[in-house]
Student: 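Quick one: the structure is below, questions incoming.
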Amino acid sequence: MVWFKRDLRVYDNPALTEAMKEGPVIAVYVLSHEQWDKHDVSPAQRALIVGQLHSLEKKLAELNVPLLVKVGDCFDSVPGTLARLIKEYSVTSLYFNREYEVNERRCESAVEQSVKLLGAEVFAFHDACMVVPGSVLSLKGEPYKVFSAFKKAFIAGYGFKARPVAYFPGSQPVIDVSSDLTELQCIGYDSEWLQQWPAGEAEAHDRLERFMDVASRDYKATRDIPGVPGTSQLSPYLAVGALSTTQCMTTALMANEGLLDGGNEGIACWINELIWREFYRHVLFHNPEVSMNQPLKKETDLLPWRNDQADFQRWCDGNTGFPIIDAAMKQLVTTGWMHNRLRMITAMFLTKNLFIDWRLGEQFFMRHLVDGDLASNNGGWQWCASTGVDAAPYFRIFNPVSQSKRFDPDGTFIRKFLPQLASLNAKDIHQPSLAQAKKLNYPEPMVNLSESAGRTKLLFKNLTQPTVPDEVRVG
DNA sequence: TATATGTTGAA
DNA sequence: TCAACATAT
């Protein structure tokens, strides 16, 4: 039996390939609303998972592998559900790919125990990383805390550490079990999202192929411009496992003469992003705090993060009075996705200008992102909040207006998501005057950027060097 | 994956 | 006047 999780694909799926070597296989997927709620899985991602399960059922059927979808109450019900199936179908061994989040690891251990008690064997594989997490260590045997050092070691070891692409399994003889997705039919989800983010491995592969063309020409120049669709947009497919990072890297390497660094500028730049994803997954593997709402830099939890509901709501709703922020938040809520440059700008604004707890922003993103992934989302937020490993230095605070002028120079992106500002010229659109704002019924800026950034710098500075600030020192 | 501010020197 | 550069946060 193969237990599917966030690896909803038949190509490059080590657990599936290995299981099918040994004998007749049935596939199972267990889901629960409560677990989705607890992990803040967005409606967009729920739809993509449901769609992907339907698509997976068809792909597996071509291999004569039946898929059983079981709906349980929560994580705790997973071992029992699997145990029931193991008894019902006289299963002798369970195959699955590992996950590294704390809850997922606990769940896997519980499953392993209960399966072994039944006398069945367990075979676990790695599919979510390009190299096994825990295998990229410094000479002192410690995990890397700085991306550039991690990248160097990752590249140096890639040749002998990289997980090979799992070969495509041949179909098995027809067995006397048929697919059963009836419990999946009862799962409520909003199928509208599937229009924007169609499910299916074929869709993911198409997008990868199309992107490689664009990447090699324009990625370096356009990847930071939210008004241009210059990024791969593959993250939703990576998040549900319709595609693996190994497949992405293999494709990129083929287009770059096997070079992990250098060669084609655009492709090398994208490979760098794939390594960031890998880095954050390794960081999550080594640091359980990532899965437990705690900062990697412990001392930053002493910062007096504000818990201002009204201000937080304005950020969520895109009513901050800063066009680039507001347009970005509209993009998130309406499309389930936000451009990476904008994720940094909005996160930096929430944490450094509004000084609101990064965890509120992290959760809001998870609740709306179709590509929500704990490791990547938490990594990005802790980078922006300066609470993580290799985080942005606390004094390097983005100015949303400067960023807007630099990365959305003619206001194309702002105009798309804030049509009320469409009439403003390229100069004014980044920061409408009070008169323009009033006329267009657009909110005034909710904070003074330099004052708020200055306060945050001071709070961080006092955290690391606790001294009386100059301003209140006498003499 | 920064920004604000101040200095310098060419025009 | 302003680009180029240095520097502090």
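Source: prediction; values computed, not measured.
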Student: Using a strict threshold of under 4.0 Å (side-chain N to carboxylate O), is an ion pair present between A/R163 and A/D12?
Tutor: yes

Student: Rounded to the nearest Å, what distance is computed from the CG atom of residue A/L458 to the P atom of nucleotide C/dA8?
Tutor: 17 Å

Student: Flag the pair A/R223 and A/E273 as a salt bridge only when some basic side-chain nitrogen lies within less than 4.0 angstrom of an acidic carboxylate oxygen.
Tutor: yes

Student: Hey, are A/R359 and A/D301 close enough for a salt bridge, meaning a charged N less than 4.0 Å from a carboxylate O?
Tutor: yes

Student: Any ion pair linking A/E99 and A/R106 (charged N to carboxylate O, less than 4.0 Å)?
Tutor: no

Student: Can you pull the contact range of chain A along DNA chain B, 5' to 3', using atoms under 4.0 angstrom from its heavy atoms?
Tutor: B/dT1 to B/dA4

Student: What closest approach, in Å, do A/F168 and A/V10 show between heavy atoms, and which atom pair accounts for it?
Tutor: CE1-CG2, 3.7 Å

